[in-house]
2 protein chains.
Amino acid sequence: MDAALRKKIYDFIEEHGLRKTAQRDAIIEAAFSTTEHYTAEDLLSMAKRIEPSVSRATVYRTIPLLVKCGVLREMDFGKEQKYYDPNFVEHPTHNHLICVDCNKIVEFEDRNIETLENCITKRLGFSPASKIIRIEATCDKLKSSGACKNRGKCD
Amino acid sequence: MDAALRKKIYDFIEEHGLRKTAQRDAIIEAAFSTTEHYTAEDLLSMAKRIEPSVSRATVYRTIPLLVKCGVLREMDFGKEQKYYDPNFVEHPTHNHLICVDCNKIVEFEDRNIETLENCITKRLGFSPASKIIRIEATCDKLKSSGACKNRGKCD
DNA sequence: TTAAATGCAAATTATTTGCAGAAGC
DNA sequence: GCTTCTGCAAATAATTTGCATTTAA
C-alpha cells in the first residue's frame with residue numbers, strides 16, 4: 001500500500017479519536033492490497049488471511065470509516081450487494097464500463113466527458129460534487145470471433 | 001397514460017401469455033400516473049388507491065414485468081431501496097442530477113455527452129448497451145442566497 | 001483508568017417465495 | 001378446466017446493532 005495513502009488513513013483515525021487495532025489494520029491492509037472491486041464479504045475473507053480474528057461486524061463497521069475518509073468508494077453494479085472500489089485515490093475521476101458478456105469491469109478516465117459534465121451541471125444551476133458514469137456494453141470481440149476475450153476470467 | 005405506451009404494455013402481456021387482471025391494471029395505471037421516481041412501496045400505495053385489493057407481493061411481481069417490457073427503469077440513487085423511473089419511454093437517454101442540499105432529482109438530456117460516451121465505448125472495444133450518468137451537486141442558489149429553491153419541496 | 005473496539009448472535013429491512021384459494025381465457 | 005394470479009405469511013439475505021468483554025491509550 002502506498003505510504004501517502006496509509007498516512008491519510010491513519011491521520012484520519014487519529015483526528016477522529018479512533019484507535020489503532022490489529023483488526024482495523026488488517027482490514028485496511030486488505031482493502032488496498034488489490035485494485036479489484038470487492039464486496040464486504042470479499043473484504044472479510046481478505047482481511048481474515050492477514051488477521052484471522054477479524055469478524056464480519058468489524059468489517060461492516062470499518063468500511064464506512066474508509067468511505068468517510070475518502071479512500072474507498074461505494075459502487076452499485078446492479079447486483080444485490082454493495083461493491084467497493086479502492087482505486088479512487090489514484091484515479092479520482094474514473095468511470096466504469098461493464099461488459100455484459102462476461103461482467104468484466106473496465107475503468108476509464110476521460111477529460112472531455114469531465115468537462116462536459118461540469119458544463120451541464122453549471123447550466124442547470126448547480127456545482128458538481130460527485131459524478132458517476134456507468135456504461136454497460138457488449139464486447140466487439142465476442143461478435144466478430146465468437147469469444148469475449150475476458151470470458152471465463154470473470155464470473 | 002399515453003395510448004402507445006398502454007398498447008406496448010398490453011401487447012407484451014399478450015405475447016407472453018400473461019393475463020389481464022384488475023390488480024395488474026391498477027399497478028400499471030399507477031406506475032405511469034406520475035413522472036416522479038418511486039419505490040416499490042410508493043407504487044403499492046398509488047396502486048391501492050386505484051384498486052384496494054392490490055398486495056405488496058403483486059407489486060413486487062409486476063415491477064420486473066414492466067422492466068422487462070422496457071417501459072420502467074430500475075434506478076440506484078444511493079438509498080437502501082430501489083427506485084423506479086417511468087420517464088424512459090419518453091426520454092430514453094436522459095440522465096440524473098441529484099441536489100445534495102434537498103435531494104431533488106433533475107433529469108437532463110445532452111446529445112454531446114451521448115456521442116462522447118459512444119466514442120469512449122467504441123475505443124475500448126465495446127458496443128454500448130445502456131448508459132447511466134448520475135451527478136451529485138450542490139445548489140448554487142443555496143450558496144448565494146442561503147436557500148435552495150427546492151428545499152422543502154422534497155425530502 | 002476509561003472510552004473505544006471487538007465478536008457474537010439477534011434484529012432489521014427490502015425483497016422473494018411457497019402455497020392454497022381465486023379468477024382469466 | 002386448466003393455468004396463471006393473487007394475498008398471505010414465512011423465508012431470504014445483506015447489513016446493522018445491543019451487549020458483555022477486551023483492549024488501546
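Residue numbers start from 1 in every chain, and the chains themselves are labelled A, B, ... in the order their sequence lines are given, proteins ahead of strands.
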Using OP1 and OP2 only, check whether a side-chain N or O of [X] sits under 4.0 Å from [N].
X: Tyr60(A); N: dT15(D); answer: yes
X: Arg56(B); N: dG7(D); answer: no
X: Thr21(B); N: dT6(D); answer: yes

Rounded interatomic separation in angstrom, taking [atom1] from [X] and [atom2] from [N]:
X: Glu74(B); N: dT15(C); atom1: CD; atom2: P; value: 8 Å
X: Leu65(A); N: dA5(C); atom1: CG; atom2: C1'; value: 11 Å
X: Phe77(A); N: dA14(D); atom1: CZ; atom2: P; value: 17 Å
X: Leu44(B); N: dT6(D); atom1: CG; atom2: P; value: 13 Å
X: Asp76(A); N: dA14(D); atom1: CG; atom2: P; value: 15 Å
X: His16(B); N: dC5(D); atom1: NE2; atom2: P; value: 12 Å
X: Glu51(A); N: dA24(D); atom1: CD; atom2: C1'; value: 15 Å
X: Lys79(B); N: dT13(C); atom1: NZ; atom2: C1'; value: 16 Å

Short side-chain to backbone donor-acceptor contact, [X] and [Y], under 3.5 Å:
X: Tyr84(B); Y: Ala40(B); value: no
X: Lys131(A); Y: Ile135(B); value: no
X: Asp101(B); Y: Cys139(B); value: yes

Notebook entry, point to check: So does Arg24(A) reach the base of dA5(C) with its side chain, donor to acceptor, closer than 3.5 Å?
Noted result: no

Next item on the list: Could you tell me whether the side chain of Arg61(B) has a donor or acceptor atom within less than 3.5 Å of a complementary atom in the base of dG7(D)?
Entry: yes

Check: Strictly by modelled atom types, are Thr39(B) and Asp42(B) linked by a side-chain donor-acceptor pair under 3.5 Å?
Finding: yes

Among [options], which nucleotide sits nearest the side chain of [X]?
X: Arg19(A); options: dT15(D), dG7(D), dA5(C); value: dA5(C)
X: Thr58(A); options: dT6(C), dT16(C), dA9(C); value: dT6(C)
X: Ser55(B); options: dT6(C), dA25(D), dC8(D); value: dC8(D)

Next item on the list: For Gly17(A) and for Ala22(B), find the nucleotide of DNA chain C with the closest heavy atom, then tell me which residue's nucleotide is more 5'.
Entry: Gly17(A)

Item checked: Distance (rounded to the nearest 0.5 Å) between Leu65(B) CG and Leu18(B) CG -> 6.0 Å

Checklist line | First of Thr39(A) and Lys20(A) reached from the 5' end of DNA chain D, by closest nucleotide | finding: Thr39(A)

